[in-house]
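Heads up: the structure comes next, in structure tokens.
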Amino acid sequence: MSTVDLADVRRRLEQVAFPGFHHSIVRYGLVGDVRVAGGDVTVALLPASRRPEVREELRRRVTDAVRGISGVTAVNVVEPEEAKPAGGPPSQGEPIVGVRRILAVSSCKGGVGKSTVAVNLALALKERGAKVGLLDADIYGPSVPMMMGVDARPRMASGKVEPIDRYGVSLMSMGFFLDDKSPVIWRGPMVMGAIRQFLRDVEWGELDDLIVDMPPGTGDAALTLAQQVPLSGAVIVTTPQEVALQDVERGIAMFRQVSVPVLGVVENMAYYVCPECGEREDVFGSGGGDELSRLFRVPVLAQLPLVPEVRQGGDDGRPIVVSNPDHPVSQAFRELARAIDQARPGGA
């Protein structure tokens with residue numbers, strides 16, 4: 001009996017679409033090792049969803065696709081011990097001169113407090129003694145200028161844009177070049193051109209950490225950005241409700257596709273504590289972060305409560321880590337910074 005060609009198996013897997021999407025499970029980075037022994041084929045499929053019906057549908061699609069190859073007698077779809085895509089191309093972007101580590105803060109969905117986390121994380125890392133920059137790459141909805149209390153335009157020096165310093169953090173944002181009423185009506189290539197300029201044409205100087213406040217979602221802008229520079233890791237911000245968690249699954253798949261390590265999940269607005277009675281209420285549900293951690297083997301780095309002081313600090317341009325350093329949420333951001341430093345390559 002002839003041995004099945006491994007290349008034929010991989011070509012078939014390229015044709016298996018993730019349920020509900022047009023792209024294949026290979027493009028989403030969900031295929032691990034593929035082994036062929038005679039007519040027996042084993043496909044390691046990375047965790048792809050918290051929902052059992054989706055996982056079962058993926059198994060069925062993979063089995064049907066591979067079973068159609070001549071010579072295949074058995075198909076085994078297994079879950080690998082290590083959640084790593086096999087043979088996926090790593091991010092090949094050119095490093096930014098002088099920048100030691102680049103960390104993406106991604107939400108995969110708008111409205112979950114991604115920029116709030118990015119801003120306070122940058123300040124918490126700065127408190128730990130790091131030289132920190134913050135790039136607001138959310139071109140359509142730049143919020144870092146308001147959150148950091150900056151109303152200025154960057155200057156040019158020696159052919160490069162100088163970032164604006166605020167609270168000891170170097171800042172760059174499209175918001176510095178717009179007035180409050182200017183809409184950004186750009187197509188994808190223009191957006192990516194602006195992001196490339198912010199990465200390459202800004203005089204970042206010597207930084208330990210460049211925090212990138214990513215565009216929301218998992219579209220071309222976010223994916224291309226992940227390929228522009230060698231990211232040290234990604235932190236995904238979510239809220240506990242089901243609709244947000246489904247987007248996190250796609251976000252993890254996107255980063256795995258470009259071989260960027262997902263350092264963990266930050267569950268924002270995880271709960272609310274009544275200031276009068278002290279009773280805790282899970283406004284957006286509970287347990288979602290823990291379930292993601294178990295399924296995708298990434299840690300929950302922080303569970304941040306819903307408190308008015310965080311919102312007020314962002315509106316006033318004085319983030320809570322600065323305006324109220326003794327607040328429990330400020331301490332939670334410091335713990336998040338410490339966890340990230342320990343989790344990523346080259347961390348302290």
Side-chain angles (χ1 to χ4, degrees), residues 95-105 113-139 141-180 182 184 194-215 225 228-229 231-232 235 309-327 329-330 333-334 336-338 340-341 344 346-348:
I96 300 175
V97 176
V99 178
R100 181 182 173 199
R101 296 171 301 214
I102 306 173
L103 176 69
V105 177
K114 165 184 58 67
S115 295
T116 297
V117 171
V119 163
N120 283 282
L121 173 60
L123 291 166
L125 286 168
K126 184 258 178 185
E127 281 190 5
R128 290 177 60 82
K131 295 178 181 178
V132 181
L134 174 59
L135 169 57
D136 184 358
D138 190 350
I139 300 297
S143 53
V144 165
M146 183 182 73
M147 289 185 171
M148 293 291 274
V150 176
D151 183 14
R153 288 183 181 271
R155 297 180 302 175
M156 295 288 295
S158 302
K160 286 206 168 187
V161 182
E162 289 189 344
I164 292 177
D165 182 273
R166 180 66 164 165
Y167 304 125
V169 174
S170 299
L171 307 175
M172 184 52 57
S173 170
M174 176 59 74
F176 295 148
F177 303 94
L178 303 172
D179 60 47
D180 292 340
S182 297
V184 180
I195 292 176
R196 278 193 292 269
Q197 282 192 295
F198 286 159
L199 291 170
R200 304 297 176 189
D201 296 338
V202 172
E203 185 55 69
W204 289 109
E206 296 292 326
L207 295 179
D208 295 304
D209 297 287
L210 177 60
I211 307 301
V212 181
D213 183 6
M214 296 276 284
L225 178 60
Q228 283 291 313
V229 290
L231 295 174
S232 302
V235 173
E309 291 88 346
V310 173
R311 189 270 309 163
Q312 188 66 51
D315 288 349
D316 294 344
R318 288 178 53 80
I320 192 167
V321 169
V322 171
S323 64
N324 196 344
D326 296 328
H327 196 285
V329 175
S330 297
F333 277 115
R334 294 187 188 97
L336 172 61
R338 181 188 61 80
I340 287 173
D341 265 344
R344 61 188 160 166

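Side chains are part of it too, since the values below use all heavy atoms of this structure and drop only hydrogens, waters and symmetry mates. Index from 1, following the sequence.
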Closest heavy-atom contact between [X] and [Y]?
{"X": "A124", "Y": "A337", "value": "CB-CB, 3.8 Å"}
{"X": "V322", "Y": "Y167", "value": "CG1-CE2, 3.8 Å"}
{"X": "M148", "Y": "P319", "value": "SD-CG, 3.9 Å"}
{"X": "V202", "Y": "P163", "value": "CG1-CD, 3.8 Å"}
{"X": "A130", "Y": "D208", "value": "CA-OD2, 3.4 Å"}

To the nearest 0.5 Å, how far apart are [atom1] in [X] and [atom2] in [Y]?
{"X": "K114", "Y": "D138", "atom1": "NZ", "atom2": "CG", "value": "4.5 Å"}
{"X": "M147", "Y": "D316", "atom1": "CE", "atom2": "CG", "value": "12.0 Å"}
{"X": "K160", "Y": "W204", "atom1": "NZ", "atom2": "CH2", "value": "11.0 Å"}
{"X": "I102", "Y": "L199", "atom1": "CD1", "atom2": "CG", "value": "7.0 Å"}
{"X": "D315", "Y": "Q312", "atom1": "CG", "atom2": "CD", "value": "6.0 Å"}
{"X": "L135", "Y": "L207", "atom1": "CG", "atom2": "CG", "value": "11.0 Å"}

More than 12 heavy atoms of other residues, nucleotides or ligands under 6.0 Å from CG of D165: is that the case?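 Count over threshold, so yes.
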Is there a side-chain contact between E309 and S323, using heavy atoms and a 4.5 Å cut-off?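 No, their side chains stay 4.5 Å or more apart.
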Determine the sole option in V119, T116, L123, V310 for which the side chain to side chain contact (heavy atoms under 4.5 Å, CB included) test with I320 is passed.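 Of the listed options, the one satisfying the test is V310.
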Non-neighbouring partners of E203 that pass salt bridge (charged side-chain N to carboxylate O under 4.0 Å, His left out), sequence neighbours left out: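 Residues passing salt bridge (charged side-chain N to carboxylate O under 4.0 Å, His left out) with E203: none at all.
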Can you list the steps and then say if I340 with D209 is a side-chain contact (heavy atoms from CB on, under 4.5 Å)? CA-CA 11 Å; I340 287 173; D209 297 287; over 6 Å; no
Give the intermediate values and the outcome of side-chain contact (heavy atoms from CB on, under 4.5 Å) for residues V229 and L210. CA-CA 11 Å; V229 290; L210 177 60; over 6 Å; no
Residues M172, I164; criterion side-chain contact (heavy atoms from CB on, under 4.5 Å); working and verdict: CA-CA 7 Å; M172 184 52 57; I164 292 177; 6.0 Å; no
Among all residues two or more places apart in sequence or in another chain, which pass the side-chain hydrogen bond (donor to acceptor under 3.5 Å, both in side chains) test with S173?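 So S173 forms a side-chain hydrogen bond (donor to acceptor under 3.5 Å, both in side chains) with D136.
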State whether the side chain of R101 and the backbone N or O of D341 hold a donor-acceptor pair below 3.5 Å, judged by distance alone.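 No: the side chain of R101 does not pair with the backbone of D341.
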